Enquirer: 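Sharing a structure with you now.
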Amino acid sequence: MNKDNYDFLSIQTKWRDIWEKNKIYKTNILSEKEKYYILDMYPYPSGVGLHVGHIKGYTASDINARYKRLKGFEVLHPMGWDAFGLPTENFAIKTGKDPYLVTKENITEFKKEISNMALSIDWEREIDTSNKYYYKFTQLLFIKLYNKGLAYKKKSPINWCPSCKTVLSNEQSMNGICERCESKVEIKNIDQWFFKITDYAEKLLEGINNVDWPVSIKKMQEKWIGKSEGVEIPFAIKDSKEILTVFTTKPETIYGITFLVLAPESPLIESLTTTDNKELVEKYIKNISPQKEVERKKDVKTGVFTGSYAINPINNELIPIWIADYVLMEYGTGTVMGVPAHDKRDLLFAQIHNLKIEFVLEEDKNNYIESRMIVSKYKNKKVKEVRDSIINEIKDSKRVINYKLRDWTISRERFWGAPIPVVYCDKCGEVILEEKDLPVLLPQDITDYVPTGIPPLEKSEKFMHTTCPKCKGPALRESKTMDTFVDSSWYYLRFIDPLNEDSIGKKEYLDKWMNVDLYIGGSEHAVGHLLYSRFITKFLFDEGILDIEEPFQKLKTVGLIYGEDHRKMSKRWGNVVKVSFVTEEYGADSVRMYIMFMGPFDQYAYWNTKSLIGIKRLLNRIWDLQSKIITKNANTENVLTDNLVRKITDYIDKGKYNLCVSEYMKYINEIEKKNCIGKSNFEKFLIILSPFAPYITEELWNRLGNDFSIHQSKWPSSKKEEQHQKYINIPIQINGKLRGNIITLYDSSEKEILELIEKDTKLNQRISNIEIDKIIFIKNKILNIVSA
RNA sequence: GCUGGGGUGGCGGAAUAGGUAUACGCGACGGACUUAAAAUCCGUUGAAGCAAUUCAUGCGGGUUCGAUUCCCGCCCUCAGCACCA
């Protein structure tokens with residue numbers, strides 16, 4: 001082999017080691033430079049290893065990190081591990097292997113592969129959520145929330161598989177059948193811990209306006225929070241002292257109520273059901289209560305009459321009270337007023353059960369509040385004009401705001417998570433621990449993780465038995481652990497001061513480095529992780545720990561990479577592309593650039609190993625240029641290079657990485673036509689290519705005699721305006737259709753171009769055949785001749 | 001159903017303050033080099049037609065000298081949410 005061939009593998013190992021030794025990616029937290037914090041959603045270190053999908057986001061963030069460093073920023077670009085979680089525990093159940101060890105092995109493997117991909121990470125800031133120095137602060141967060149009344153325990157239903165003896169998520173129990181063993185899922189009411197995120201509903205909604213996120217994610221969060229303004233109306237019951245309160249966003253339709261509906265879970269059902277109807281009501285509730293919402297069919301509105309009647313406060317009419325499962329206990333008051341004339345679901349219900357339909361307004365489909373009333377008292381008035389007086393007329397009505405957002409369930413009956421820092425004492429009851437008692441360590445004496453129906457931590461005598469911090473008497477520990485979303489709701493803070501043992505981070509550092517300037521990750525976290533993190537940040541702001549209210553200023557979402565067969569990458573289809581595999585064949589630089597070249601960053605893309613060859617060819621050609629360097633720069637080449645710098649700068653700022661790659665290609669195509677390149681232009685080119693291809697650019701830069709890393713050089717400046725060539729091509733249209741081209745001096749006038757057209761035999765012949773009506777001319781762009 | 005994407009050659013995709021549609025890459029075809037292959041290099045490559053030319057950006061209309069881009073009405077597809085009163 002010719003020794004001057006591009007041997008990417010040896011270049012990779014060489015520079016990876018040198019960079020590591022010289023710590024060129026270390027962040028100086030006290031730097032005077034302007035800060036820039038770039039973060040990836042940290043990975044779960046699974047045993048499967050890194051696939052190309054992971055790398056897409058990491059490469060983009062790395063490009064930005066390198067680019068910002070070259071532009072003179074102090075960049076924080078860390079990496080860590082979302083190490084707690086179910087897959088590791090399930091692996092432990094299957095193999096009996098210690099989760100501590102499994103996690104450690106997986107992290108080692110992940111880290112190795114990430115380092116090979118030339119991600120410019122400051123590894124001194126690595127975090128691992130299963131490390132006791134990390135989860136100590138996860139537990140502290142719990143304590144702070146608890147002390148503010150934002151962490152509480154209540155009985156709540158869960159999906160329970162009696163055969164697996166384990167709790168199932170909604171996805172695992174689709175249609176009420178256990179995903180794994182196919183037995184029927186039961187609903188159990190058990191004690192669960194919640195964080196009161198609903199207290200922050202309004203702040204979470206408002207804050208959305210202050211961040212630079214994709215519209216789709218913002219909309220998803222808005223919808224999830226689900227704010228609606230309305231009125232609560234109390235209804236008296238005939239022959240009863242009970243009061244039924246309903247929530248409505250359209251109080252004016254009170255004139256059209258022909259029935260009320262209770263949720264099957266409503267506590268008022270017993271007292272409202274008459275003896276005649278008791279049997280049917282009990283049968284109905286028994287039939288639907290074990291089902292979860294998923295199983296209820298929305299087009300069939302089942303229901304049953306209670307036998308009781310409510311009194312409409314506006315006109316004293318009697319209204320039958322029904323029970324139906326389309327009404328949810330969790331939202332509003334668990335009671336709905338049935339207005340079949342103006343609500344689709346109520347209409348279906350009324351049709352099935354033969355209930356009256358009464359119209360109160362003429363609906364404006366495009367804008368409801370513009371609808372006109374038809375009830376005599378307000379005839380022809382618009383809803384927006386009469387709503388207030390109607391509300392005032394309804395006795396004891398109250399304006400309220402409802403949210404769909406529900407409190408966040410954070411407890412899990414699992415082993416591999418952060419223990420909840422609470423103990424139970426015979427004398428003092430539920431007692432929260434203090435900071436000095438932390439961390440509550442996971443026990444190491446559990447060897448059997450197989451679920452038996454009790455939380456795994458209860459198997460450890462050593463863990464469970466403790467003393468009450470209040471009375472020093474015997475106490476038992478809480479045996480549940482926290483959801484991994486709690487770990488990830490604050491991890492972005494920890495990178496700023498990862499070794500601090502006294503607090504989440506030094507206030508001075510947190511104030512300087514928060515928030516995250518650019519956050520990159522998958523849109524699957526739109527309403528989970530991203531909402532929880534915003535909640536925790538707002539809470540810590542209220543606690544005085546942070547001085548910012550939003551954690552992630554700019555968010556970029558990564559489009560999924562599908563397999564070569566256009567299916568989702570999965571073990572099941574055998575179409576997973578491992579990073580290590582393609583890197584060995586094509587080199588890390590090629591893989592990075594190819595992934596960026598595949599298409600728009602936020603759109604999904606299909607993997608195609610064959611296409612990688614195009615990038616490898618490009619890198620080979622760049623490599624070959626080193627033998628064609630001359631000292632003098634030609635002027636046209638300067639213009640070309642300046643234009644490239646401007647374009648690449650713009651495209652990186654806009655996140656259009658695929659276009660960067662085609663610009664590099666076009667540039668090299670042009671340079672090759674001339675078969676030589678000036679040294680300083682080549683150096684500029686290498687610098688602006690270095691964020692995409694860190695290895696080859698470093699090697700070539702070094703061979704040019706530079707004694708410092710290209711990644712510590714400076715981003716070249718460019719002229720603001722695009723540099724143009726002396727001559728330009730003007731397309732000539734006749735009636736909007738392209739009929740020819742004229743090559744002329746830049747900035748030529750209409751008259752000059754028309755003269756040239758006359759000299760062009762083909763064009764001239766065409767014009768002479770038509771009667772010219774007008775001419776549209778846009779300088780340096782186009783000339784269109786329009787005939788009458 | 002609602003919300004947000006997307007629909008452009010054989011394939012991945014360029015081009016939107018309206019201005020040469022198909023940049024760039026892959027693949028394919030032809031050629032050079034080679035005993036041969038790989039690699040590399042040089043051509044050609046939206047469709048139809050000998051050609052002038054005509055037709056092509058999911059479909060149907062509209063505005064305009066000119067529409068992938070703007071407006072109206074649909075279809076397909078991906079993702080998320082889904083009885084929220």
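Only heavy atoms go into these numbers, but all of them, side chains included; no hydrogens, no water, no symmetry mates. Letters A, B, ... are given to chains in the order of the sequence lines, protein chains preceding strands, and every chain is numbered from 1. Note that the structure is a prediction, hence the values are computed from the model and not measured.
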Enquirer: Hey, are A:Ser10 and A:Asp7 close enough side-chain-wise for a donor-acceptor pair under 3.5 Å?
Expert: yes
Enquirer: Identify which nucleotide among B:A52, B:A79, B:U20 has an atom closest to any side-chain atom of A:Asn741, counting heavy atoms from C-beta outward.
Expert: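 Nucleotide nearest to A:Asn741's side chain: B:U20.
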Enquirer: 5'-most contact on RNA chain B: A:Ser523 or A:Gly334, nearest heavy atom basis?
Expert: A:Ser523
Enquirer: Taking only the side-chain nitrogens and oxygens of A:Arg345, find out if one of them lies under 4.0 Å from OP1 or OP2 of B:G1.
Expert: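 Answer no for this pair, as no side-chain N or O of A:Arg345 is under 4.0 Å from OP1 or OP2.
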Enquirer: Tell me whether the guanidinium CZ or amine NZ of A:Lys56 lies under 6.0 angstrom from the six-membered ring centre of A:Phe601 and within 45° of its axis.
Expert: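 Because its charged atom sits under 6.0 Å from the ring centre and within 45° of the axis, A:Lys56 does stack over A:Phe601.
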Enquirer: Would you mind telling me which of B:C65, B:A85, B:A23 lies closest to the side-chain atoms of A:Ser662?
Expert: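 Closest nucleotide to the A:Ser662 side chain: B:A23.
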Enquirer: For A:Ser216, report the nucleic acid contact type (base, sugar-phosphate, nothing); a contact means any heavy atom under 4.0 Å.
Expert: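 If one applies the 4.0 Å heavy-atom cut-off, A:Ser216 turns out to touch the sugar-phosphate alone, with no base involved.
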Enquirer: Using whole Å, report how far OH of A:Tyr331 lies from C1' of B:A85.
Expert: 7 Å
Enquirer: Should the ring pair A:His529 and A:His525 be called parallel, tilted or perpendicular, given that the plane angle runs from 0 to 90° and is split at 30 and 60?
Expert: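 A:His529 and A:His525: perpendicular rings.
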Enquirer: Can you label the angle between the A:Phe685 ring and the A:Tyr667 ring as parallel, tilted or perpendicular, going by 30° and 60°?
Expert: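 Aromatic pair A:Phe685/A:Tyr667 classed parallel.
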Enquirer: Quick one: what's the B/S/- string for nucleotides 9-16 of chain B, heavy-atom cutoff under 4.0 Å, read 5' to 3'?
Expert: ---BSSS-
Enquirer: Which atom pair, heavy atoms only, marks the closest approach of A:Ile671 to A:Leu625?
Expert: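 Closest approach of A:Ile671 to A:Leu625, heavy atoms only: CG2-CD2, 3.9 Å.
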Enquirer: Side chain of A:Asn784 only, heavy atoms from C-beta on: which candidate in B:G27, B:A79, B:C65 is closest?
Expert: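 So the nucleotide nearest the side chain must be B:C65.
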Enquirer: Name the nucleic acid region contacted by A:Leu612, choosing base, sugar-phosphate or nothing; use a 4.0 angstrom heavy-atom cut-off, strictly under.
Expert: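 Contact class for A:Leu612: none.
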Enquirer: Is there a side-chain polar atom (N or O) of A:Thr249 under 4.0 Å from OP1 or OP2 of B:C84?
Expert: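 For A:Thr249, the contact criterion (side-chain N or O under 4.0 Å from OP1 or OP2 of B:C84) is not met.
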Enquirer: The side chain of A:Asn729 is closest to which nucleotide in this list: B:G4, B:U20, B:A85?
Expert: B:U20
Enquirer: Salt bridge or not for A:Lys654 and A:Asp650, using N-O below 4.0 Å?
Expert: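 Salt bridge: yes.
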Enquirer: By nearest atom, which of the nucleotides B:G27, B:C65, B:C83 is closest to the A:Tyr326 side chain?
Expert: B:C83
Enquirer: Which of the following nucleotides, B:G27, B:A85, B:A21, is nearest to the side chain of A:Phe247?
Expert: B:A85
Enquirer: Tell me the closest heavy-atom pair linking A:Leu619 and A:Ala693, and the distance in Å.
Expert: CD2-CB, 4.5 Å
Enquirer: Roughly how many Å is it from CZ in A:Phe601 to C1' in B:G6, rounded to a whole number?
Expert: 18 Å
Enquirer: Fill in the dot-bracket string of RNA chain B, one character per base: . for unpaired, | for a pair to another strand, ( ) or [ ] for pairs within the strand, taking Watson-Crick or G-U pairs under 3.5 Å.
Expert: (((((((..(((......[....)))((((((.......))))))(((....)))..(((((..]....))))))))))))....
Enquirer: Looking across every strand, which nucleic acid part, if any, lies under 4.0 Å from A:Asn669 by heavy atom: base, sugar-phosphate, or nothing?
Expert: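 Answer is sugar-phosphate: A:Asn669 comes under 4.0 Å of backbone atoms only.
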Enquirer: Quick one: is A:Lys737 getting a side-chain N or O under 4.0 Å of the B:C55 phosphate, OP1 or OP2?
Expert: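 Yes.
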Enquirer: Is A:Lys656 close enough and on-axis enough to A:Tyr651, meaning under 6.0 Å and within 45°, for cation-pi?
Expert: no
Enquirer: At 4.0 Å (heavy atoms only), tell me whether A:Thr335 reaches a base, stays on the sugar-phosphate, or touches nothing.
Expert: nothing
Enquirer: Are OP1 or OP2 of B:G27 and a side-chain N or O of A:Arg617 less than 4.0 angstrom apart?
Expert: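 Checking B:G27 against A:Arg617, a side-chain N or O does come within under 4.0 Å of OP1 or OP2.
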Enquirer: Closest-nucleotide mapping onto RNA chain B: is A:Lys223 or A:Pro731 further toward the 5' terminus? I mean the 5' end.
Expert: A:Lys223
Enquirer: Once you round it to whole Å, what is the distance between C1' of B:C83 and NZ of A:Lys404?
Expert: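 In whole Å, B:C83 C1' lies 10 Å from A:Lys404 NZ.
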Enquirer: Would you indicate, yes or no, if B:G4 has its OP1 or OP2 atom less than 4.0 angstrom from a side-chain nitrogen or oxygen of A:Lys219?
Expert: yes
Enquirer: Among B:U54, B:C41, B:A82, find the nucleotide with the atom closest to the side chain of A:Trp224.
Expert: B:A82
